[in-house]
Amino acid sequence: MEWRDQGVLLAMRGHGESAAIIEVLTRAHGRHAGVVRGGASRRLAPLLQPGNQIAVAWRARLSEHIGTFTVEPLRARAAGVLADRLALAGLSSICALLAFALPEREACPALHDRSAALLDLLPDTADWPARYLRWELALLEETGFGLDLSACAVTGARDDLAYVSPRSGRAVSRGAAGEWAARLLPLPECLLGQGPATGPEVAAGLRTTGYFLTNRLAPSLGDRPLPAARARLFDLLARQG
Amino acid sequence: MADGPEQIEDLIGLMARLPGLGPRSARRAVLHLIQKRGALMAPLAAAMADVAATARECVRCGNIGNADICALCRDPERATGEICVVETVADLWAMERGRAFSGRYHVLGGALSALDAVGPEDLRIPALVARVADEAVREVILALDATVDGQTTAHYIAEQLAGSGAQVTSLAQGVPVGGELDYLDDGTISAALRARRQF
């Protein structure tokens with residue numbers, strides 16, 4: 001068995017004294033693990049940081065084996081964000097959520113491309129937090145828990161959408177919410193790709209996507225807690241003025 | 001296949017669990033020890049028994065010594081108001097080999113890691129915050145790995161020490177001594193370029 005692809009490195013852990021096991025979100029082969037011989041060496045360790053784009057060649061005797069990767073660097077993104085607290089938290093959250101949420105070996109080229117494009121925006125593009133928020137929507141969509149924010153679930157109106165129903169994942173307009181508003185989740189304009197995207201606005205959107213990640217996605221994966229990296233990003237954005 | 005007495009096979013089995021050794025190299029090492037029994041094996045066994053009985057973690061910095069407070073923390077000349085924060089004791093020993101730092105250390109015991117579910121409560125970060133308050137520390141030097149986990153830990157510590165009055169600094173990142181640009185990864189080159197200084 002052998003194939004070549006490229007992808008985003010999601011995680012690396014040591015294996016023995018000099019090898020490493022990496023997880024890569026590849027474009028055509030999905031989230032895939034493999035052993036990298038010499039992965040803990042001085043030459044390879046800097047390449048095997050989460051968020052980096054790498055070209056991989058995977059080989060194994062049988063398809064169900066973990067197999068071995070040979071890797072070549074394409075884009076070293078991690079080094080560019082190490083000094084930026086918020087961007088580093090963003091990169092960590094993206095990689096941790098992809099490793100947490102995606103099934104192994106199922107191709108999701110659209111989410112790969114979207115994730116790679118988002119990582120390329122770090123750390124210098126000002127609106128990356130808003131794009132990160134919409135990336136979480138795409139992640140929910142890819143995993144089967146997508147939200148329908150196109151129209152009010154009660155009236156069908158497309159204007160004045162202000163809430164999301166925690167039960168149905170559909171938008172609710174301000175007028176239709178009435179006395180139920182306190183029980184609904186916030187729908188900031190930036191979640192719709194409109195309006196201001198300040199830290200607190202994005203954090204409000206993340207509270208909504210976080211609800212569905214925690215209460216819909218995580219239970220479907222064995223009720224594991226969401227990665228701590230996402231909570232750290234949420235905290236940093238919520239504290240921004 | 002066992003080809004020695006049971007005790008020797010047991011020793012080989014234990015040696016093979018050490019870093020850098022496998023079954024074959026452990027067998028060679030044990031054979032060498034037996035051949036140098038008086039000059040090497042007996043002193044080694046005595047030294048290992050001594051260290052096993054006395055080695056302990058310093059309650060203040062986390063270094064390994066033979067008392068509750070290690071020699072570095074007891075040394076009055078190291079009370080410079082500077083604390084260097086490292087992930088592991090091996091990192092502390094590496095810093096000491098360089099003889100470039102004359103203050104005191106704080107060993108975290110690892111780094112924050114989403115993959116391994118290591119959180120702040122698993123590291124000696126609260127003890128560091130308490131030390132900075134108690135020891136009139138002027139500068140905290142974060143000597144953590146230039147990895148995603150290492151620098152996430154560094155940012156977290158900097159947040160925890162905000163308002164402590166201590167200056168928080170970190171090691172520079174860039175071209176290593178002896179490094180040739182042609183052989184460096186592009187991430188290191190870009191980090192070095194960002195950290196450039198007046199020449």
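Lettering of chains follows the sequences in order, A, B, ..., and the numbering in each one begins at 1.
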- Query: Which of the residues B:Leu112, B:Asp149, B:Asp186, B:Val148 is involved in the greatest number of heavy-atom pairs with chain A at under 4.5 angstrom?
  - Reply: B:Val148
- More than 12 non-hydrogen atoms from neighbouring residues, nucleotides or ligands closer than 6.0 Å to CD on B:Glu121, yes or no? yes
- Query: Does any N or O in the side chain of A:Gln49 come within less than 3.5 Å of the main-chain N or O of B:Thr147, such that one atom is a donor and the other an acceptor?
  - Reply: no
- Query: So which part of A:Asp235 gets closer than 4.5 Å to some heavy atom of chain B, the side chain, the backbone, both or neither?
  - Reply: neither
- Query: Does a sphere of radius 6.0 Å around CZ in A:Arg216 hold more than 12 heavy atoms from other residues, nucleotides or ligands, not counting ones at 6.0 Å or beyond?
  - Reply: yes
- Message: Quick check on the interface: out of A:Arg85, A:Arg230, A:Met12, A:Arg77, who has the most heavy-atom pairs with chain B under 4.5 Å?
- Response: A:Arg85
- Task: Give the member of A:Ala83, A:Ser93, A:Pro225 that has the highest number of heavy-atom pairs under 4.5 Å with chain B.
- Result: A:Ala83
- Message: Please determine whether the number of non-hydrogen atoms from other residues, nucleotides or ligands lying under 6.0 Å from atom CZ of A:Arg59 exceeds 12.
- Response: yes
- Which value, rounded to the nearest 0.5 Å, describes the distance between A:Glu17 atom CD and B:Leu18 atom CG? 9.5 Å
- Identify which part of A:Pro73 has an atom lying under 4.5 Å from any heavy atom of chain B, answering side chain, backbone, both or neither. neither
- Task: Tell me, for B:Tyr156 versus chain A, whether the close heavy atoms (under 4.5 Å) come from the side chain, the backbone, both or neither.
- Result: both
- Message: Counting only non-hydrogen atoms closer than 4.5 Å, does B:Leu144 touch chain A with its backbone (N, CA, C, O), its side chain (CB onward), both, or neither?
- Response: neither
- Message: Please determine whether the number of non-hydrogen atoms from other residues, nucleotides or ligands lying under 6.0 Å from atom CZ of B:Arg37 exceeds 12.
- Response: no
- Task: Sort A:Leu82 into side chain, backbone, both or neither according to what part of it lies under 4.5 angstrom from a heavy atom of chain B.
- Result: both
- Note on the structure: Note: B:Thr152 and A:Arg232 closest approach over all heavy atoms is CG2-NE, 3.9 Å
- Note on the structure: With chain A, the option among B:His155, B:Gln173, B:Arg194 that has the most non-hydrogen atom pairs under 4.5 Å is B:His155
- Query: So how far is it from A:Leu91 CG to B:Gln151 CD, rounded to the nearest 0.5 Å?
  - Reply: 13.0 Å
- Query: Counting heavy atoms not belonging to B:Glu180, are there more than 12 under 6.0 Å from its CD?
  - Reply: no
- Message: For the interface with chain B, which of A:Ala11, A:Gly80, A:Ser92 has the highest count of heavy-atom pairs at distances below 4.5 Å?
- Response: A:Gly80
